[in-house]
Amino acid sequence: MSLTIDYQNKTAVIIGGTSGINRGVAELFARHGARVAVASRSEDKVEDTVTALKALGAEAMGFAADVRDQQAIEEGLAQVQSAFGDFDVLVSGAAGNFPATVNGMSSNAFRSVLEIDLLGTFHVMKAGFPYLKKPGASVINISAPQAYLPMEAQAHVCSAKAGVDMITRTLSLEWGREGVRINSVVPGPIDGTEGMDRLAPTEAVKQRVVDSVPIGRLGTKDDIGHACLFLGSELSSYISGVVLAVDGAWSQGGCGEMSNFLGQFARQMENS
Ligand code: NAP
Ligand code: COA
């Protein structure tokens, strides 16, 4: 049997899909024929993304919601289902990050990241499940290397994303019975993104990160989008419960460089 990646007549929903990596993912699904829905907090970012997706020839819609607000996510996903029908692909990628040591962050700072990344993923999973095509839907959670590698000044993100990967693995058991697959995609350092700008704020630091990636370059949004196209398609129909690093082997050791830098950087900021 020969399989191809074709998303004609399929619906992909990308939560947190209005900037950076996730917007790149949304655009790639649009380029491959999918109907695409995006969501994030900012009405302007949603509108801008929907316009761009339509310009790529896709049927597109969006809604503004904070993933911390369960009701807003439920209402938004219900609107998408009314317009586009049940979902073939659901991507959950909203996240927050800033470098801060545990000694330098408040309870609310820790809670904010936990609530966006982890509770937000729970809300998206719970509200999205009734609308997933059964059998056949594919769910993708966007994680981070911090999920399985401790990194200085990232205790909030490490804790939250570790939880995200455990939701992925747990739901692969619960939802596999219903014909729904779920995997995590773990981006490495991705060029031209908010995440990279926050963790590698100067060209010098960025170069240190490049040097620490065995494949020898930063990742691109398309690198992550291609992994999502694969995981959303029949090409991966026997893959579920996997945490897939798309990082040029960075997480095999090189990201210790980032840990050292972030620890120094955060302590300097906190002591100044
Ligand atoms: P980004 O551009 O800041 O994208 C975050 C997206 O989530 C935006 O669309 C943002 O839009 C939305 N968002 C943030 N908080 C939200 C909330 N409370 N409710 C709903 N939507 C919310 O970041 P990025 O760097 O591309 O990162 C995207 C994903 O990749 C994240 O899951 C991140 O952890 C992961 N990742 C990134 C890197 C990297 O190198 N950049 C590396 C590893 C993992 P609004 O502002 O409109 O809400
Ligand atoms: N160091 C320490 N604490 C910080 C911080 C930093 N650099 N940045 C924010 N905080 C703290 C705030 O002081 C606040 O704690 P407090 O109430 O005790 O003062 C807490 O975090 C919440 O901040 P707030 O700005 O009120 O939260 P928010 O819900 O509006 O925004 C963030 C959430 C902080 C994660 C914000 O950075 C965001 O929206 N990020 C989304 C984009 C992003 O991070 N992209 C990269 C993805 S990898």
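All residue numbers refer to positions in the sequence shown, counting from 1. Whatever order the structure lists ligands and atoms in, that order sets their numbers, starting from 1.
Distances from ligand 1 to the non-hydrogen atoms of E115 include no value under 4.0 Å. Using a non-hydrogen distance threshold of 4.0 Å, A39 does not register as a contact of ligand 1. By the 4.0 Å heavy-atom criterion, I116 is counted among the residues contacting ligand 2. Using a non-hydrogen distance threshold of 4.0 Å, G219 does not register as a contact of ligand 1. At least one heavy atom of G93 sits under 4.0 Å from some atom of ligand 1. For the pair R68 and ligand 2, a heavy-atom separation below 4.0 Å is found. Using a 4.0 Å cutoff on heavy atoms, S143 counts as a contact of ligand 1.
Rounded to the nearest 0.5 Å, atoms SG (C228) and CG (D222) are 11.0 Å apart. Once rounded to the nearest 0.5 Å, the distance linking CD of Q70 with CZ of R68 reads 14.5 Å. Summarising the geometry, atom OH belonging to Y131 is positioned 14.0 Å from atom OG1 belonging to T11; distances are rounded to the nearest 0.5 Å.
The protein reaches atom 8 (N) of ligand 2 closely, with a heavy atom under 4.0 angstrom from it. For atom 43 (C) of ligand 2, the nearest protein heavy atom lies under 4.0 Å away. The nearest protein heavy atom to atom 30 (O) of ligand 2 is not closer than 4.0 Å. Checking atom 25 (O) of ligand 2 against the protein gives no heavy-atom contact under 4.0 Å. Atom 39 (O) of ligand 2 is approached by the protein to below 4.0 angstrom, counting heavy atoms only. Atom 12 (C) of ligand 2 is not flagged as protein-proximal [any protein heavy atom, distance under 4.0 Å].
Of the protein's non-hydrogen atoms, the one nearest atom 35 (C) of ligand 2 is G96 CA, 3.7 Å. In terms of protein heavy atoms, atom 47 (O) of ligand 1 is closest to S40 OG, 2.6 Å. For atom 6 (C) of ligand 1, the closest heavy atom belonging to the protein is G16 O, 3.3 Å. Of all protein heavy atoms, the one closest to atom 47 (C) of ligand 2 is A95 O, 3.9 Å. Among protein heavy atoms, the minimum distance from atom 10 (N) of ligand 2 is reached at F98 CZ, 3.8 Å.
For E43, the CD atom sits in a loose shell: 12 or fewer heavy atoms of surrounding residues, nucleotides or ligands are nearer than 6.0 Å.
Those atoms of ligand 1 that come under 4.0 Å of a heavy atom in I116, given as number and element, are 15 (N), 18 (N).
Residue-level proximity to ligand 1 for D66 is carried by backbone and side chain together, each with a heavy atom below 4.0 angstrom. When non-hydrogen atoms are compared, ligand 2 lies under 4.0 Å from the side chain of R41 (C-beta onward) but not from its backbone. When non-hydrogen atoms are compared, ligand 2 lies under 4.0 Å from the side chain of A100 (C-beta onward) but not from its backbone. Under 4.0 angstrom from ligand 1, the non-hydrogen atoms of A94 come from both its backbone and its side chain. Neither the backbone nor the side chain of R111 comes within contact range of ligand 2; no heavy atom lies under 4.0 Å. Contacts between R23 and ligand 1, counted as non-hydrogen atom pairs separated by less than 4.0 Å, are absent for every part of the residue. At a heavy-atom cutoff of 4.0 Å, ligand 2 is contacted by the side chain of R198 but not by its backbone.
The shortest N/O to N/O separation between N22 and ligand 1 does not fall below 3.5 Å. Here's the thing with N97: one of its N/O atoms is less than 3.5 angstrom from an N/O atom of ligand 2. Of the polar atoms of G195, at least one N or O is found under 3.5 Å from an N or O of ligand 1, judged by distance alone. On a distance-only criterion, E194 and ligand 2 share no N/O pair closer than 3.5 Å.
The closest non-hydrogen atom to atom 18 (O) of ligand 2, taken over A144, S106, A94, A109, comes from S106. Comparing heavy-atom distances from atom 19 (N) of ligand 1 across D197, D191, V67, I73 singles out V67 as nearest. Compare I21, I14, T193 by their heavy atoms: the one nearest to atom 38 (C) of ligand 1 is in I21. The heavy atom nearest to atom 46 (O) of ligand 1, out of those in Q146, K45, M196, is found in K45.
In terms of modelled atom types and a separation under 3.5 Å, the side chain of H156 and the main chain of P99 share no donor-acceptor contact. Looking at R41, its side chain never comes within 3.5 Å of a backbone N or O of A64 through a donor-acceptor pair.
When each of I142, I15, T49 is paired with N22, the side-chain contact (heavy atoms from CB on, under 4.5 Å) condition holds for I142 and for no other.
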